[in-house]
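Because the structure is predicted, anything quoted here is derived from the model rather than measured.
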Amino acid sequence: MSLIRVTLADGPVEVPRGTTPREILASLDRDAQANAVAARVTGEQIVGGEQVIDLDRPLDADVELEFLTFDDEAGREVYRHSAAHVLAQAVKRLFPEARLAIGPPIEEGFYYDFDVARPFTPEDLEAIEGEMQAIIKADYPIHREAVEPEAARHLFRDLNEQYKLEILDELPPDEPVSLYRQGEFVDLCRGPHLPSTGRLRAVKLLHAAGAYWRGDERNPMLQRIYGTAFESRADLDAYLKRLEEARRRDHRRLGRDLDLYSIHDEVGPGLVLWHPNGGIIRHLAEDFARQEHLRRGYGLVYSPHIANRRLWEISGHWDWYKENMYTPIDIDGVEYLLKPMNCPFHMMIYRSRPRSYKELPLRWAEWGTVYRYERSGVLHGLLRVRAFTQDDAHIFCREDQVEEVIQETVDFARDIIEAFGFHDYHVRLSLRDPETPEKYVGSDAIWERAEPALAGALDRMSLEYTPARGEANFYGPKIDILIRDALGREWQGPTIQLDFNLPERFDLTYKGPDNRDHRPVMIHRALFGSMERFFGLLIEHHGGAFPVWLAPVQARVIPIGERHLDYARAVADRVRAAGYRVEVDERDEKVGYKIRQAQLEKVPYMLVVGDREQQDQTVALRHRAEGDLGPWPLAEILARLAEDLRLRR
RNA sequence: GCUGGUGUAGCUCAGAGGUAGAGCGCUGUCCUCGUAAGACAGAUGUCGCCGGUUCGAAUCCGGCCACCAGCUCCA
């Protein structure tokens, strides 16, 4: 019998060919045995160099072997993928006519899609979850089986699993496919999986929702069941609790509780009213950003909210963006359209006179309010609305300036979002899909120069990013910065997009040193993205407890009794004179009541004044998070506020 | 737009064919108070909208609107 060499974390071992990871695991300690969910093998003879495999998959080459647990992302995926199979098995038992689609693990759990005659009810989910528990208890071994595609096709044809057949049709016809069996259940699946269903410890179904087959709305709608799975009941409970806490940070709830903004049927869905508390934050954010723009060489421009339909025909929006635009307004027999974007106006400014290479790059910014028709089901608080203000800008430059301009702009974007406390964001480089060049405008040559220029700029800044093939706009590649909301969903914030289309359509040119006309490269960019969305994300990021520089009320003076009112007002006057937003709670209530109010409103500082403070000319300082800080001279409080402002705390 | 769910006081929610309820908040009066809710009293309202069934509809039926979760799409 031939031996293979398996290298574990603590050194190599020689084992007979065909030994399984599980057999090797048997020689390790109990914890390792209890925690392993799958194995990762690395080696020259492994397809792709490394692979995650079942614990029962025989090894037939020299490999490095690493056991994966739930704590490894890959291990977690295996665990949850197996949970999805248990879900499918339970559904097949209770609803034999259900057709299986797909059931992958996702970031925080798993789902499985089914084609069923009637959608699942909450009661169905309970029953299914019960059946899953029975399947877990039965501890069916999970077997992998490699078969020829034709055999698999037979099997699924007999089982009437049309979606599995569709998937089979897209797999390479001459490579074996893998089937996974547990009890009476069989699924077409690449795996890997847990050794047995009993290995699952805490599983919970969360909700059901419709989802189109293959994510295409022309396809039939399937019923998707979402669930999650953890290694222990306690971890599952902790996760559910975290979801609950996230709900408390939801900007829609805080927006109302903190009186920041509102949306009304009478105004219209997706149309936001900013209240004074939200308005001051927006004002401060815009003010800060505007200063930064000027400092970085931007010009400020303004444009109207409507424009002649002809402009949108030139820009191409009328052709390819029509479904997002509102119906025309008739003015003296001419059609005008509400702007869904600001760019055409900036094109016209560029074109308003001849341009020289000497004046490039030109950077023009506008806080432009745009109007887009969004389908009714997609609106979401401040994060997805129908009228929003972009901190839009267009940069016109020569091709040789692209990389530098991109770099400067990414840098600007980071400075802005980090100033607001966002340090955990995700950069995505959206590239074209070279398979479908017909979907993009601009020559191959320009794409081939531009894409590496974007990547190069990110590399030079040592920024980690995810390249995304096929995510580019049809008019050019882009860099997006994604920010998470309270529930972990990612939203596009800053975006920097190259545009090969509009300079062409508007026939923009500049005179080069050769005295000939050249086409400028145009870059769209928005750093907040939209003020509405950014505000929504800002609310969730801080849980409503805005940093001092943004807090609508920075300090509230709380007099203990009526006789301290004059002193309270005097304190407030001095704080206000120093430039802060301060108010006095003059209501005839107990201190505890007023403090509770201020805490709930997340006012950063409470300045409590009574006999002692009045006597000593001090203030009893309380911070919303740190609590009672004792007596402070006013001058020191002002110094502390100044320091908070400086550090954007 | 699609699938499912939900719309009752400002908020959170109970009520399920017989004339609208709680807590918080709000208003008033009293209390003059030392770090997250003082006491008492009062007012909350087109039960999302329109239509139907019924002697009678918040409740049953139909249509519409909005919201929530997901899908598709996107700043």
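Of all nucleotides listed (rA75(B), rC26(B), rC68(B)), rC26(B) comes nearest to the side chain of Tyr593(A). Checking rC33(B), rC67(B), rC71(B) against every side-chain atom of Pro269(A), the shortest atom distance belongs to rC67(B). When the nucleotides rC71(B), rA75(B), rA36(B) are ranked by their closest atom to the side chain of Leu600(A), rA36(B) comes out on top. Side chain of Asp611(A), nearest nucleotide from rG34(B), rA36(B), rC68(B): rG34(B). With distances taken from any side-chain atom of Gln223(A) to the nucleotides rA69(B), rU3(B), rC71(B), the minimum falls on rU3(B). Among the nucleotides rA69(B), rA66(B), rG34(B), the one closest to any side-chain atom of Ala620(A) is rG34(B). With rA36(B), rA66(B), rU32(B) as the candidates, the nucleotide lying closest to the side chain of Arg563(A) is rU32(B). Side chain of Val608(A), nearest nucleotide from rA75(B), rC31(B), rU35(B): rU35(B). Listed nucleotides: rC11(B), rA69(B), rG34(B). Nearest to the side chain of Arg256(A): rC11(B). Of all nucleotides listed (rU32(B), rA36(B), rC71(B)), rU32(B) comes nearest to the side chain of Glu562(A).
Heavy atoms of other residues, nucleotides or ligands lying less than 6.0 angstrom from CZ of Arg218(A) number 12 at most. For Asp424(A), the CG atom sits in a loose shell: 12 or fewer heavy atoms of surrounding residues, nucleotides or ligands are nearer than 6.0 Å.
Interface remark: the Glu374(A) side chain does form a donor-acceptor pair with the rA75(B) base, using a distance-only criterion of under 3.5 Å. Counting distance only, with no hydrogens placed and no angle test, the side-chain atoms of Arg384(A) and the base atoms of rC73(B) include a donor-acceptor pair under 3.5 Å.
Heavy-atom nearest nucleotides on RNA chain B were determined for Gln597(A) and for Gln390(A), and the one closer to the 5' end corresponds to Gln597(A). Along RNA chain B, the nucleotide closest to Asp257(A) and the one closest to Arg587(A) are compared, and the more 5′ of them pairs with Asp257(A).
At a threshold of 4.0 angstrom between heavy atoms, the contacts of Phe120(A) with the nucleic acid are absent.
rU27(B) is paired with rA41(B) under the Watson-Crick or G-U wobble criterion, all donor-acceptor distances under 3.5 Å. When both pairing distances are held under 3.5 Å, rC2(B) makes a Watson-Crick or G-U pair with rG70(B). If you check rA22(B) for Watson-Crick or wobble pairing at under 3.5 angstrom, you find it paired to rU12(B).
Between the side chain of Tyr326(A) and the backbone N or O of Arg372(A), at least one donor-acceptor pair lies under 3.5 Å.
Cation-pi geometry between Arg99(A) and Tyr163(A) is not met: the NZ or CZ atom fails to fall both under 6.0 Å from the ring centre and inside 45° of the normal.
Summarising the geometry of Ala472(A) relative to Pro477(A), their closest heavy-atom pair is CB-CA, 3.9 Å, with the distance given to 0.1 Å.
You can call Phe388(A) stacked on the base of rA75(B); the centres are under 5.5 Å apart and the planes sit within 30°.
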